[in-house]
Amino acid sequence: MLDKLKNKVLGDSQTGKFNVGEIVRWPEWRHDGENVIRNYKYGMILSIYTGIIDKRQIKIAEVLPFGEDIPIKISLLLVKKSDLKD
């Protein structure tokens, strides 16, 4: 089993599920008093690439959040297809 995982890029299995230009969502967490609230942010994929975090290769999505001018980088494992309706 470990031999199969060796040298694999974390999130590589997700790359075929997304295309550049696709609308996606990801969770954002915030504290509201004693409660933790999860909201979803939405944006468009600008690129998908392999980056290194803590000496490990990981698939990263560069996403432009709606209503913002600066793209963010987020693990492809956290990104989901948008549930927005036309």
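Every heavy atom of this structure was used, including side-chain atoms; hydrogens, water molecules and symmetry mates were not.
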Q: Leu78, Phe18: one ILVMFWY side-chain cluster at the under-4.5 Å cut-off?
A: yes
Q: Could you tabulate the donor-acceptor pairs under 3.5 Å formed by side-chain atoms of residues 39-51, not counting sequence neighbours?
A:
from  : atom 1 : to    : atom 2 : distance (Å)
Lys41 : NZ     : Glu68 : OE2    : 3.2
Tyr42 : OH     : Asp83 : OD1    : 2.6
Ser47 : OG     : Glu62 : OE1    : 3.0
Thr50 : OG1    : Lys59 : NZ     : 2.8

Q: For Ile70 and Pro65, work out which heavy atoms get closest and say how close.
A: O-CD, 3.7 Å
Q: For Lys81, does its backbone N or O pair with a side-chain atom of Lys17 as donor and acceptor, under 3.5 Å?
A: no
Q: Check residues 23-37 and write down every donor-acceptor pair under 3.5 Å in which the side-chain atom is one partner and the other belongs to a residue at least two apart or another chain.
A:
none

Q: State, to 0.1 Å, how close Lys80 and Leu77 come at their nearest heavy-atom pair, and which atoms those are.
A: NZ-O, 3.6 Å
